[in-house]
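Reckoned from all heavy atoms, side chains included, excluding hydrogens, waters and symmetry mates.
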Amino acid sequence: MASPVRVRIAPSPTGMPHVGLFHTFLYNWLYARHTGGQFIVRIEDTDRARAVEGAVEALLEAIRWLGLDWDEGPEVGGPYGPYVQSQRLPLYREHAEQLVAAGKAYYCYCSPERLAVLREQQERAKVPPGYDRRCRYLAPAEREAAAAAASTPPVIRFAVPLEGETTFHDLLRGPITWENRLLDDFVILKSDGYPTYHLAHLVDDHYMRITDVLRGDEWISSTPRHILLYRAFGWEPPRFCHLAPLLGPDGKKLSKRHGATAILDYRDAGYLPEALVNYLAIIGTSYDPEGKREIYSLPELIAAFDLQHINKSGAVFDLRKLDWMNGYYIRQLRQDDLARRLLPFLERAGLQAELAYVERLVPLVQERLTKLADAPALLRFAFVDELDYEAKNLIGKGLTAEASREALAAALELLRDIPEFADAPLEAAMRQLADTVGVKSGQLFMILRWAVTGTNVSPPLFASMEVIGRERTVARVAEALRRLDALIAERGRGGS
RNA sequence: GGCGCGUUCGUCUAGCGGCCAAGGACACCGCCCUCUCAAGGCGGAGAUCGCGGGUUCGAAUCCCGCACGCGCUACCA
């Protein structure tokens, strides 16, 4: 390759960074890493009306959380900075005026009101909407009069060639041709002095030496304008690759109304960054020539990434597959690693614990978790002694209250006396006890499950007992016995 | 309306003229394992490759129409 690949992601800070952005982010990033090129982050904050406080910070935080990075951009700087467009304003004005001086752009004094009326008329007349180029043909005297009459500063519009067509080559889709007459004279510098995307991204891409633009396919129809602008400046355009969007379940472009789309929400819900990266990377493309493998570490993704295998059509973001993948990644984690990651989720649920204790809990839940945030519900019993359940649950399925009580009482004895209070011996002893008492082991176990964990869905019973220890187990079973006795007594008195 | 892009199981994908009466993954169903829930193992159902024409000995793969979906059509990106 002639020169190293330089790609960029150029988000506008108008909200919390979401999965769609990171899908595009990842493709750019992987492309840069695969080719040994550079990856740049540039903040496109030229829309002052839609700016959102904290969006840039959230973006950088999300990048770091996912385990990704950037070579040039905010915080790290670089040779072509600044990397925030609002800090480059003079550059854009200068270039817009340069085009005006060359007769390739012009000041437009039309008011928003006139433009609105114009658009309305065009809609009614069913003609393609677009600026009617009134200011393009103003004589010098008329221009002065218009300038004097205008209440706001003029915008600068690009003078699109009236005839001919513009073609560009898309890396994914081949040549795409547009008739110039379909393009109107778009604004490149707004009246507030800020550039529009069309001007700003292009000037920056040029000076930042961007070689490849991988962006959403909603930009396809704007690309001919960009090509025209590059030509007007006499610059060589970069290569373009327009990516299909991520879709919601309804087949429309993924957006907030589809539910959780902010990357950091996924972090807070207990998704692992490596799982999210893997899923985001895999969706819309493929890495395996056999078409079978889907689990890839970041280094493996970098090695396997290939522009040629990106799909041209939009892909539905499937939460269920992400869930599966997240659970898979959780299962692969080392115990101490999972424990460390679980800590904040337990804490947030009000379950305080030492890392060492959580490490002992991990084997109980590791293969049962889809998300880290699922852990507190499953492990609550290991932190809290007051269990909230109804006494009638202590009556075994198909058993009488009395028979259940007898089994529970016998189990309590056993728990007090058993020499080794551990998983295997406990299970063996309890099976034997069930036999001698005359209940099925499954019946006994469920009674004990309620007694010890307060639910009917829990981690394996005896391993759970071992972890919370003899003392707490015995106390809970004793408490269960009291509740069952109370229930039996109440029934004896004629209660239901 | 105009212009553009797209179209393989419910979803993500493999496929780049014969190896495809279309393979894998998620989800779903069944069986096994099993102290509940999971995990795991095995198996099943699921796409006449949007439709219609061509080209070819042969098309999911090439060409042309049509349909449908999505996108753009702002002093938003």
Is A:Arg215 paired with A:Asp205 through a side-chain N to carboxylate O contact shorter than 4.0 Å? no
What is the per-nucleotide protein-contact pattern of nucleotides 1-9 of chain B, from the 5' end, where B denotes a base atom under 4.0 Å from a protein heavy atom, S denotes such proximity for sugar-phosphate atoms only, and - denotes neither? B-SSSSS--
Would you mind classifying the nucleic acid contact of A:Val155 as base, sugar-phosphate or nothing, using non-hydrogen atoms under 4.0 angstrom? base
Does a distance-only test, which skips hydrogens and angles, find a donor-acceptor pair under 3.5 Å between the side chain of A:Arg368 and the base of B:C37? yes
Let me see the working for A:Leu172 and A:His242 under side-chain contact (heavy atoms from CB on, under 4.5 Å), right down to the final yes or no. CA-CA 7 Å; A:Leu172 232 46; A:His242 288 97; over 6 Å; no
With respect to the phosphate group of B:A77, does any side-chain polar atom (N or O) of A:Thr46 fall under 4.0 Å of OP1 or OP2? yes
Applying the 3.5 Å cut-off to both distances, the Watson-Crick or G-U partner of B:U56 turns out to be none
Across the strands shown, which category fits A:Arg293 at heavy-atom distances under 4.0 angstrom: base, sugar-phosphate, nothing? nothing
What's the closest nucleotide to the side chain of A:Leu115 if the choices are B:C37, B:C75, B:A77? B:C75
Sort out the partner of B:C20 for me: Watson-Crick or G-U wobble, both distances under 3.5 Å, none otherwise. none
Could you note down all residue pairs passing salt bridge (charged side-chain N to carboxylate O under 4.0 Å, His left out) where residues 278-294 of chain A supplies at least one of them, sequence neighbours left out? A:Arg293-A:Glu300, A:Glu294-A:Lys321
When all nucleic acid strands are considered with a 4.0 Å heavy-atom cut-off, which category describes A:Glu44: base, sugar-phosphate, or nothing? sugar-phosphate
Checking N1-N3 plus N6-O4 or O6-N4 for Watson-Crick, or N1-O2 and O6-N3 for wobble, each under 3.5 Å, the partner of B:C28 is B:G44
Which pairs with one or both residues in residues 181-200 of chain A pass salt bridge (charged side-chain N to carboxylate O under 4.0 Å, His left out), sequence neighbours excluded? A:Arg48-A:Asp192, A:Arg133-A:Asp185, A:Arg136-A:Asp185, A:Glu179-A:Arg181, A:Asp184-A:Arg225
Which is true for A:Ser458 with a 4.0 Å heavy-atom rule: it touches a base, it touches only sugar-phosphate, or it touches nothing? base
Of the listed nucleotides (B:C75, B:A25, B:G15), which one gets closest to any side-chain atom of A:Thr152? B:C75
Considering only B:A77, B:C37, B:A27, which nucleotide approaches the side chain of A:Val457 most closely? B:C37
Heavy atoms from C-beta onward define the side chain here; which of B:A77, B:C26, B:C75 lies closest to that of A:Asp318? B:C26
Salt bridge A:Asp388-A:Arg380, side-chain N to carboxylate O under 4.0 Å: no
With a 3.5 angstrom cut-off on both distances, give the Watson-Crick or G-U wobble partner of B:G65, or none if there isn't one. B:C51
When all nucleic acid strands are considered with a 4.0 Å heavy-atom cut-off, which category describes A:Pro11: base, sugar-phosphate, or nothing? nothing
Base of B:A14 paired with side chain of A:Lys292 (donor-acceptor, under 3.5 Å): no
Classify A:Ser441 by what it touches in the nucleic acid, base, sugar-phosphate, or nothing, heavy-atom distance under 4.0 Å. nothing
Indicate, with a heavy-atom threshold strictly under 4.0 Å, whether A:Gly284 touches base, sugar-phosphate, or nothing. sugar-phosphate
Which nucleotide in the list B:A25, B:U36, B:C72 gets nearest to the side chain of A:Trp324? B:A25
Taking the P atom of each, how far is B:C62 from B:C49, in whole Å? 15 Å
Base partner of B:A14, which must satisfy Watson-Crick or wobble distances under 3.5 Å: none
Does a salt bridge link A:Glu120 with A:Arg124, judged by any charged N lying under 4.0 Å from a carboxylate O? yes
Base, sugar-phosphate, or nothing for A:Pro245, non-hydrogen atoms under 4.0 angstrom? nothing
So what does A:Asp47 touch, heavy atoms closer than 4.0 Å: a base, only the sugar-phosphate, or nothing? sugar-phosphate
In terms of the nearest nucleotide of RNA chain B, which residue is placed more toward the 5' end: A:Ser111 or A:Ser286? A:Ser286
Partner of B:C70 under the Watson-Crick or G-U wobble criteria, both distances under 3.5 Å, comes out as B:G4
Roughly how many Å apart are B:U11 and B:U73, using the P atom of each and rounding to a whole number? 28 Å
What's the gap between B:C64 and B:A21 when it is taken at their P atoms, as a whole Å value? 27 Å
N-O pairing of A:Arg341 and A:Glu274 below 4.0 Å: yes
